[in-house]
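Letters go in sequence order (proteins before strands), and every chain restarts at 1.
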Amino acid sequence: MEIESNFIKTIMEEDLKNGKVKEIVTRFPPEPNAYLHIGHARAIITNFELAKQFGGKTNLRFDDTNPVKEDSSFVDAIKKDIEWLGYKPAKVLFGSDYFDASYDLAVKLIKKGLAYVCDLNPEEMREYRGTLTTPGKDSPYRNRSVEESYQLFEAMKNGKYKDGEKTLRAKIDMSSPNMNMRDPVIYRIIHIDHHNTGNKWCIYPMYDFAHPLQDAFEGVTHSLCSLEYDDHRVLYDWFVEKCEMEHVPHQYEFGRLNITNTIMSKRYLKQLVDENMVKGYDDPRMPTLAGLRRRGYTKESIVNFILSTGLSRVNSTVSSEMLENSLRDDLNQKVKRVNAVIDPLKVVITNYPEGKVEWIDVEYNPDNLELGSRKIAFGRYVYIEKEDFLEEKPNKKWKRLSLGIEVRLMQAYFIKCNEIVFNEDGSIKELHCTYDEKTKSGSGFDERKPNGNIHFVEATTALPATFNLLEPLLIDSDGKKDLFSRLNLNSWNIFNGFVEPSLEKTHHLERFQFIRKGYFATDYDTKDNKLVFNRIVELKTSFK
RNA sequence: UGGGCUAUGGCCAAGCGGUUAAGGCAUCGGACUUUGACUCCGAGAUCGGUAGUUCAAAUCUACCUAGCCCAGCCA
């Protein structure tokens, strides 16, 4: 799958064609302060795929200019997620790699009279900044001499001041209608150890200053970011120009990706983890890449999903069905289709000999013969799904088992239900059925049509298994209620049932289609004698 | 109320002055079917509104409307 036409691809094509750039260089710049989620996947995939399609390259650059928020524990998780998606960065870099260079450029701006040290405290600075509709006022320190600002900045660097005591600001225009241009802070004092540079620095550059310079140092041609940076672009260009960067990168903004019923905010994700509403960042219900991976989503399904949603300058909310579709689409041909009974109901085939079990050879996937075949068992005792039986056939559309009704156990025989055995509490204990030897699958029997086909597992050879049926963490609402009141308290449903014996030696993250039940993946919790499967998505159904 | 951005079927999204306005998801019909799956057919928009420019506009212009973003020493 390739990226189809979008405005950034068009820009790149033109830039290449008219010689504006010789090669496409992009970068993915996560801040190492959180796990990546499916929303980030759009940025990752867009950056890497676009560069790849034009024979260019993409760097991974950790944007670590704020040591109070960042830490290296996220670095490895982020690397792993990107690698999982199948991308290899041309280089792995850190914003902190450029602290020296960035400091020199700050000095350069001071020397050019384009930056000054400001003594305003945060409250004062806010007052001086003005509002959206009223212009700001010049800082009283704005006209400090170049030499004084330089000395002060040196002193800032050398730890002479406490956090917040002074800042270095760009001298631009306090009356600009664009708030970003009202003398933005470009360096602030933070006395905290940095995960990479330790205590070497106590001043750190701001994003708006650091980012364009990093892009320029790396030769990034197309610096892609989200829409909210649109009105930072003029500042981005200002820094590149005033710092006289040799290479001139350009910023382009695209819309963020949201998915229906999905929490996509760092804050809520963190809160879910911190308050134990989920089992960690890799909880299979989480929209993090780690969560989706554990749930069983394939990287192909993620990449195809992102590519199929396209890209534009609109913040979009895509239906979660689209993600699910891309998983089904990916796994349909790829994966073994096997039998699992999630919510078992015991059936006794009264006319089948006690103690006899026959084995039937069945293809793993009729649409992909390369997957081979295995033997499935049939015998006197089998399990079917509870939901595949109703005492009385409710209507003509009911294509499952009922009293007096005959269905086919897929790949085996027709069975007819003759008797329901009840428990004392009135619930169904088991079904007594008879099978018809003539109806064996593959025999060509066509004298009668069964009332549908249901799946089953032979009871004496079945393997017990646990099934996690996961639902969205968020319940639909009219959008008025806050996220936590929309939390789905029944998002993790556990069922204990059985799978066919061929699954005995499954491994973590092996995917299957459990016939008629959906796509499942073997969970990390699976041990030698304990099988656990997560349902990735259900099968589509037109059953109404 | 200042500035920026956006507006194509239910949800995404192509389209860049002349096409019967791509495609995907969803939906609704129908065919096929040992998964109510898959697959296959078929159905649906005149492009936020108005007024212009033009032989011709979703594509250009103006105005209007609606939504999103910006007043961190966050990114």
Side-chain angles (χ1 to χ4, degrees), chain A residues 4-7 10 29-31 33 63-66 68-70 95 118 120-122 125-127 129-136 163-169 176-182 184-190 203-204 206-208 210-211 225-234 253 255-257 259-260 266 304-305 307-326 328-329 332-333 337 339 362 366-367 397-400 407-412 414 439 441-442 450 452-455 513-518 538-544:
Chain A
E4 57 180 81
S5 180
N6 67 49
F7 73 104
T10 302
E31 184 183 15
N33 72 344
D63 213 334
D64 57 353
T65 55
N66 185 353
V68 329
K69 297 174 65 180
E70 296 137 9
C118 182
L120 254 26
N121 65 37
M125 199 176 288
R126 195 179 323 119
E127 284 163 23
R129 188 157 34 228
T131 71
L132 293 177
T133 53
T134 60
D163 288 11
E165 219 175 314
K166 286 185 169 28
T167 57
L168 181 70
R169 296 225 261 165
S176 171
N178 181 343
M179 300 296 288
N180 298 301
M181 300 300 272
R182 321 244 263 226
V185 171
I186 61 183
Y187 260 95
R188 70 302 207 182
I189 301 169
I190 304 175
I203 57 171
Y204 294 91
M206 298 283 289
Y207 168 89
D208 278 325
H211 206 90
C225 62
S226 46
L227 247 29
E228 66 266 31
Y229 291 99
D230 191 318
D231 46 16
H232 292 241
R233 189 176 58 241
V234 42
E253 311 83 22
R256 283 179 186 266
L257 172 69
I259 299 177
T260 55
K266 273 181 196 173
N304 289 342
F305 164 69
L307 297 184
S308 68
T309 59
L311 189 69
S312 71
R313 284 181 62 86
V314 173
N315 286 319
S316 52
T317 302
V318 171
S319 161
S320 56
E321 290 155 327
M322 224 162 150
L323 212 209
E324 296 178 350
N325 176 265
S326 77
R328 292 190 198 104
D329 197 48
N332 181 39
Q333 303 269 119
R337 301 175 184 173
N339 294 301
V362 179
D367 294 332
K397 286 191 165 184
W398 176 256
K399 289 167 65 179
R400 304 179 184 184
V407 298
R408 171 171 18 228
L409 293 183
M410 289 177 67
Q411 302 138 346
F414 288 13
T439 61
S441 286
N453 306 289
I454 65 173
H455 62 100
Q513 182 193 120
F514 288 167
I515 292 171
R516 301 207 310 138
K517 299 312 294 178
E538 295 182 68
L539 253 29
K540 217 160 64 173
T541 178
S542 55
F543 184 39
K544 290 174 280 292

Would you say [X]'s side chain and [Y]'s backbone share a donor-acceptor pair under 3.5 angstrom?
{"X": "A/Thr131", "Y": "A/Thr133", "value": "yes"}
{"X": "A/Ser176", "Y": "A/Asn178", "value": "yes"}
{"X": "A/Asn453", "Y": "A/Arg408", "value": "no"}
{"X": "A/Thr260", "Y": "A/Ser319", "value": "no"}
{"X": "A/Arg328", "Y": "A/Glu538", "value": "yes"}

Fill in: A/Pro450 to A/Phe414 - nearest heavy-atom pair and separation
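Looking at all heavy atoms of both residues, the closest pair is CD-CZ, 3.5 Å.
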Fill in: Sugar-phosphate, base or nothing in reach of A/Thr134, heavy atoms under 4.0 Å
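Nothing, no nucleic acid heavy atom in range.
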Worksheet item: Paired stems touching RNA chain B, three or more consecutive Watson-Crick or G-U pairs with both distances under 3.5 Å?
Response: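 Output for stems: B:2-7 with B:65-70, B:10-12 with B:23-25, B:27-31 with B:39-43, B:48-52 with B:60-64.
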Discussion item. Using heavy-atom distances to pick each residue's nearest nucleotide on RNA chain B, tell me which of A/Asn325 and A/Arg233 is more 5'.
Written reply: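 Result: A/Arg233.
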Practice prompt. Only counting residues at least two apart or in another chain, list the ones meeting side chain to side chain donor-acceptor pair (under 3.5 Å) with A/Asn6.
Written response: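 Side chain to side chain donor-acceptor pair (under 3.5 Å) list for A/Asn6, sorted by chain: empty.
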Discussion item. Across nucleotides 33-46 of chain B, 5' to 3', mark each nucleotide with B, S or - according to how protein heavy atoms within less than 4.0 Å reach it.
Written reply: -BBBBS--------
Worksheet, complete the sentence: B/S/- along nucleotides 63-75 of chain B (protein heavy atoms under 4.0 Å) is -----SSBBSBBB
Fill in: Spacing of the P atoms in B/rC28 and B/rC64 (rounded, Å)
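It comes out at 43 Å once rounded to the nearest Å.
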Practice prompt. Would you please name every residue forming a salt bridge (Lys or Arg N to Asp or Glu O under 4.0 Å) with A/Asp367, sequence neighbours left out?
Written response: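 Testing A/Asp367 for salt bridge (Lys or Arg N to Asp or Glu O under 4.0 Å), a comparison that skips the adjacent residues, returns A/Arg337.
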Sub-3.5 Å pairs of nitrogen or oxygen atoms, protein against nucleotides 15-21 of chain B:
residue : atom : partner : partner atom : Å
B/rG15  : OP1  : A/Ser5  : OG           : 2.4

Discussion item. Given B/rC5, B/rA22, B/rC12, identify the nucleotide with an atom nearest to the side chain of A/Asp230.
Written reply: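 The answer is B/rC5, which lies nearest to the side chain.
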Worksheet entry | Geometric class of the A/Phe543/A/Trp398 ring pair [parallel <30°, tilted 30-60°, perpendicular >60°] |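 It falls in the tilted class, 30° to 60°.
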Discussion item. Any salt bridge linking A/Lys540 with A/Glu324? Criterion: basic side-chain nitrogen under 4.0 Å from a carboxylate oxygen.
Written reply: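 The answer is no: the pair does not qualify as a salt bridge.
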Practice prompt. Give a yes or no on whether a salt bridge exists between A/Arg188 and A/Asp163, defined as a side-chain N under 4.0 angstrom from a carboxylate O.
Written response: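 Judged by the 4.0 Å cut-off on N to carboxylate O distance, A/Arg188 and A/Asp163 do not form a salt bridge.
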Discussion item. What's the separation between atom CZ in A/Arg233 and atom CG in A/Asp208, rounded to the nearest 0.5 Å?
Written reply: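 It is 13.0 Å, given to the nearest 0.5 Å.
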Item to complete: Starting from C1' on B/rA26, measure out to CD on A/Glu321 and report it in whole angstrom.
Response: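 So the CD-C1' distance, A/Glu321 to B/rA26, works out to 5 Å.
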Worksheet item: Quick one: is A/Ser312 getting a side-chain N or O under 4.0 Å of the B/rA13 phosphate, OP1 or OP2?
Response: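 Checking B/rA13 against A/Ser312, a side-chain N or O does come within under 4.0 Å of OP1 or OP2.
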